[in-house]
Number of protein chains: 2
Amino acid sequence: MHEIADPEEELYRLQADFCKGMAHSTRIHLLRSLKQGEKTVNELARLVGVTQANASQHLAILRQFGLLNTRRDGSSIYYSISDHRIIEACELVRGCIGERLRKEQMVLKVPL
Amino acid sequence: MHEIADPEEELYRLQADFCKGMAHSTRIHLLRSLKQGEKTVNELARLVGVTQANASQHLAILRQFGLLNTRRDGSSIYYSISDHRIIEACELVRGCIGERLRKEQMVLKVPL
DNA sequence: TTAGCACATTAGAATCCGCGAATATTCGTG
DNA sequence: CACGAATATTCGCGGATTCTAATGTGCTAA
């Protein structure tokens, strides 16, 4: 189906897929909402403010790429973070953005 | 052009853009190549194994999203990491992948 | 078994991305 | 100025994403 040429290059691809999981505002919102623990699809859809179907699609992507795990309980399915380093990585990025915004504010507010 | 509704949602969009920068194997390769310091486009293209034009395109994206800075020296342009937390974030993700691969290996090698 | 909730999947249209090829820009040198 | 080297930009195509609406699936309870 698909030969793996360079194992290092393959690792980069996996890493890129992982980052694709974090490369959408809705998915970041979902990840963030799961920071304190597992939640159902409906809870997440409501928290994030998207339709159930849309939330389910994004959650499926996050699960495919390995960022989330699922657990079934009755008719509900609970999603949870698979590795807490994902949250750390998100927070690092958030820190970069925050700092950049502060700098831009600075330039705008103190142009003298 | 585009009104900003929710500032929190806007932050998520910026964060998503930042992650989009890391969401491509070539760009991860580029970021990684810049870990030890600034490099020119040609150096990077050669290291990563893509054409000059392609490298330039990816570098432009990384610059647009704020992951890289540029400095001109003569006819060459040096690219460098704008914030070292980007590398930390990449390494965290790389760690997640590594662990997942180890687990999968384990399952494959010890199915008893 | 039927009804109903929770969730997943599909289809299709609009949009976005990534690449190579060709062209443009910018700088240093003669 | 003309030229070459380094880098950037544009164009166009094929493929991937994302959204909504509709439909499918799986569980529980009566």
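Owing to the predicted nature of the structure, the values given are computational and were not obtained by experimental measurement. Order of the sequence lines sets the chain letters (A, B, ...), proteins ahead of strands, with each chain counted from 1.
- Here the closest non-hydrogen pair linking B/Leu92 and A/Ala89 is CD1-N, 3.6 Å.
- Residues of residues 51-63 of chain B that place a heavy atom closer than 4.0 Å to DNA chain D, in numerical order, are B/Gln52, B/Ala53, B/Ser56, B/Gln57.
- A salt bridge links B/Arg13 to B/Glu10: at least one charged side-chain nitrogen sits closer than 4.0 Å to a carboxylate oxygen.
- Distance A/Tyr78 OH to C/dC7 C1': 13 Å, rounded to the nearest Å.
- For the side chain to side chain contact (heavy atoms under 4.5 Å, CB included) with A/His58, the qualifying choice from A/Val48, A/Leu30, A/Leu68 is A/Leu30, the only one to do so.
- Protein atom CG of B/Leu68 is 14 Å distant from nucleotide atom P of D/dT7, rounded to whole Å.
- Look at B/Glu91 and B/Arg85 and you find no salt bridge, because none of the NZ, NE, NH1 or NH2 atoms lies under 4.0 Å from a carboxylate O.
- Checked by atom type and distance alone, the side chain of B/Arg27 pairs as donor or acceptor with a backbone atom of B/Gly21 at under 3.5 Å.
- The existence of a salt bridge linking B/Arg94 and A/Glu8 is confirmed by a sub-4.0 Å separation between a basic side-chain nitrogen and an acidic carboxylate oxygen.
- In this entry the distance linking CD of B/Gln64 with C1' of D/dA8 reads 12 Å, nearest Å.
- No donor-acceptor pair under 3.5 Å is formed between the side chain of A/Glu99 and the backbone N or O of A/Cys96.
- When atom types are taken as modelled, the side chain of B/Ser33 and the backbone of B/His29 share a donor-acceptor pair closer than 3.5 angstrom.
- Of all the residues in residues 15-46 of chain A, A/His24, A/Arg27 reach under 4.0 Å from DNA chain D with at least one non-hydrogen atom.
- Checking the phosphate oxygens (OP1, OP2) of C/dA8, a side-chain nitrogen or oxygen of A/Tyr79 falls inside 4.0 Å.
- One interatomic measurement links the two molecules: CZ of B/Arg71 to P of D/dA6, which rounds to 16 Å at whole-angstrom precision.
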